[in-house]
2 protein chains.
Amino acid sequence: MSKRSDSWLRLTHVVASIEADLSKTLQRKHGLGLSDYRALHRLSLSPDLELRMQELAAHLGLNQSSVSRMVERLERSGFTVRDLCPNDKRGVYTVLTDKGRTCLESAQPDYEAALAASLKDHGCEDLLSAAFIKAE
Amino acid sequence: MSKRSDSWLRLTHVVASIEADLSKTLQRKHGLGLSDYRALHRLSLSPDLELRMQELAAHLGLNQSSVSRMVERLERSGFTVRDLCPNDKRGVYTVLTDKGRTCLESAQPDYEAALAASLKDHGCEDLLSAAFIKAE
DNA sequence: CCAGTCATTGCATGGGCATACATATGCACA
DNA sequence: TGTGCATATGTATGCCCATGCAATGACTGG
């Protein structure tokens with residue numbers, strides 16, 4: 001009955017479907033999960049190519065423990081290294097490696113392309129502009 | 001750089017956050033998962049309060065196997081019962097029980113309220129209307 | 001009899017919550 | 001001033017859950 005929850009359902013389906021597309025593309029072409037890709041991306045935007053776990057978690061919208069394990073994955077793949085924070089011995093920096101940067105750069109075009117294609121596939125080419133008309 | 005992927009990221013974060021809110025509300029107040037709630041809802045819309053696994057999967061945007069296990073959960077809680085399809089012995093109907101209908105009816109107002117509140121919290125009160133301006 | 005369809009099941013994965021542990025910080029009190 | 005304790009913060013780990021994929025088994029229809 002509620003128009004609102006009905007629209008919400010549609011929106012979530014579309015978003016989930018597109019996210020799945022992106023995830024599969026990244027996995028297939030680069031062996032990278034969606035969160036992993038986004039983590040690399042975030043790191044690449046950071047001045048020193050490094051972020052603390054919490055910052056990463058906040059940026060990605062993930063739980064702190066999930067990030068801890070994600071970083072473990074990234075580190076196993078050689079895309080990042082952990083670096084102890086000198087000032088605060090509790091803190092841990094995750095630093096993007098050259099390999100990580102290279103991987104990101106190779107994945108980025110595929111990600112962008114897949115996003116554009118998937119949006120189009122779902123007839124949502126103007127969803128993003130519509131969604132953020134008034135955002136800031 | 002890409003404005004598109006940037007907006008997409010924002011959108012996914014908002015959606016994920018709201019979905020998490022909804023999920024927690026349902027879990028806390030009714031012991032129901034988000035997919036479970038939506039399954040009950042779909043079933044309630046069906047003429048005979050029943051759907052086959054595949055139909056349910058399609059409606060929910062979930063994998064067939066996920067639905068199979070979800071129905072297992074619902075059945076354990078007494079919200080649905082399985083019913084063999086007479087014409088096609090491969091098929092299985094999932095039928096909403098009275099208990100299931102009751103549970104859904106009690107959860108529905110909370111779901112709607114939580115959705116409205118969460119949308120508001122995220123400053124997305126007009127996201128839905130914006131998103132579907134041109135949809136049909 | 002064979003190809004396609006439906007549901008279930010084994011397995012792997014990513015995520016969250018609660019907890020543990022190390023460190024930091026602030027505060028009370030002598 | 002300094003010491004010690006309580007509390008807060010940062011990360012890692014154990015556990016559980018929902019989901020997807022692939023394989024299986026039952027059945028259908030040509």
Side-chain angles (χ1 to χ4, degrees), chain A residues 12-13 15-28 31-40 50-77 80-95, chain B residues 12-13 15-28 31-40 50-77 80-95:
Chain A
T12 58
H13 281 173
V15 168
S17 176
I18 294 177
E19 287 280 272
D21 284 355
L22 293 177
S23 177
K24 278 181 219 162
T25 296
L26 285 175
Q27 192 64 56
R28 180 165 38 83
L32 219 50
L34 201 41
S35 295
D36 306 58
Y37 169 80
R38 287 174 177 154
L40 294 182
E50 65 184 12
L51 285 174
R52 293 173 63 154
M53 298 292 177
Q54 297 234 11
E55 303 177 291
L56 208 43
H59 278 129
L60 300 175
L62 285 184
N63 194 286
Q64 170 263 323
S65 70
S66 307
V67 169
S68 186
R69 291 193 165 100
M70 190 195 58
V71 167
E72 201 179 307
R73 292 198 298 274
L74 292 176
E75 203 159 6
R76 262 203 308 275
S77 305
T80 62
V81 283
R82 276 183 173 86
D83 193 13
L84 293 183
C85 176
N87 299 334
D88 185 345
K89 286 185 203 155
R90 295 168 303 179
V92 177
Y93 281 116
T94 299
V95 193
Chain B
T12 58
H13 281 173
V15 169
S17 175
I18 295 178
E19 286 281 272
D21 284 355
L22 293 178
S23 177
K24 278 181 219 161
T25 296
L26 285 175
Q27 192 63 56
R28 180 164 39 83
L32 264 183
L34 201 41
S35 295
D36 306 58
Y37 170 79
R38 287 174 178 155
L40 295 184
E50 66 184 12
L51 284 174
R52 293 173 63 154
M53 298 292 176
Q54 296 234 10
E55 302 176 291
L56 209 41
H59 278 129
L60 300 175
L62 287 184
N63 195 289
Q64 194 182 38
S65 69
S66 308
V67 169
S68 186
R69 291 191 166 103
M70 190 196 58
V71 166
E72 202 178 307
R73 291 198 297 274
L74 291 177
E75 203 159 4
R76 263 202 307 274
S77 304
T80 62
V81 283
R82 276 182 173 86
D83 193 13
L84 294 183
C85 178
N87 300 335
D88 184 344
K89 285 185 203 154
R90 294 166 305 179
V92 176
Y93 281 116
T94 299
V95 192

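In what follows, every heavy atom counts, from backbone to side chain, and hydrogens, waters and symmetry copies are set aside. Below, read A as the first sequence line, B as the second, and so on, with proteins coming before strands; counting in each chain starts at 1.
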Minimum heavy-atom distance between A:Gly33 and A:Leu26, given as atom pair plus value: O-CD1, 4.2 Å

Atom pair CG (B:Leu56) and CG (B:Leu74), whose distance is rounded to the nearest 0.5 Å: 8.0 Å

Range on DNA chain C touched by chain A, heavy atoms, distance below 4.0 Å: C:dG14 to C:dA24

Any donor-acceptor N/O pair, B:Thr25 side chain to B:Asp21 backbone, under 3.5 Å: yes

Separation of D:dA18 C1' from B:Arg38 CZ (nearest whole Å): 14 Å

A:Arg52 versus A:Gly91, closest heavy-atom pair with distance: NH2-CA, 3.2 Å

First encountered from the 5' end of DNA chain C, between B:Tyr93 and A:Asp36: B:Tyr93

Sub-4.5 Å side-chain heavy-atom contact between B:Thr94 and B:Met70: no

Atom-to-atom span, CG of B:Leu34 to C1' of D:dT19 - whole angstrom: 13 Å

Spacing of A:Arg28 atom CZ relative to D:dC21 atom P, expressed in whole Å: 12 Å

Value in whole Å for how far the C1' atom of D:dT19 lies from CD of B:Glu19: 14 Å

d(CD, A:Glu72; P, D:dT13) in whole Å: 7 Å

Protein proximity profile, nucleotides 22-30 of chain D - base contact B, sugar-phosphate-only contact S, no contact -, cut-off 4.0 Å on heavy atoms: ----BBS--

Residue among A:Glu72, A:Glu50, A:Glu75 satisfying side chain to side chain donor-acceptor pair (under 3.5 Å) with A:Arg82: A:Glu75

B:Leu32 side chain reached by B:Leu40 side chain, heavy atoms, under 4.5 Å: yes

Residue B:Arg69, side-chain atoms from C-beta onward, closest of D:dT11, D:dC15, D:dC21: D:dC21

Residue pair B:Leu84 / B:Lys89, side-chain heavy-atom distance below 4.5 Å: no

Side chain to side chain, A:Arg38 and A:Leu62, heavy atoms closer than 4.5 Å: no

Nearest-Å distance for atom pair CG/P, residues A:Asp83 and D:dG10: 18 Å

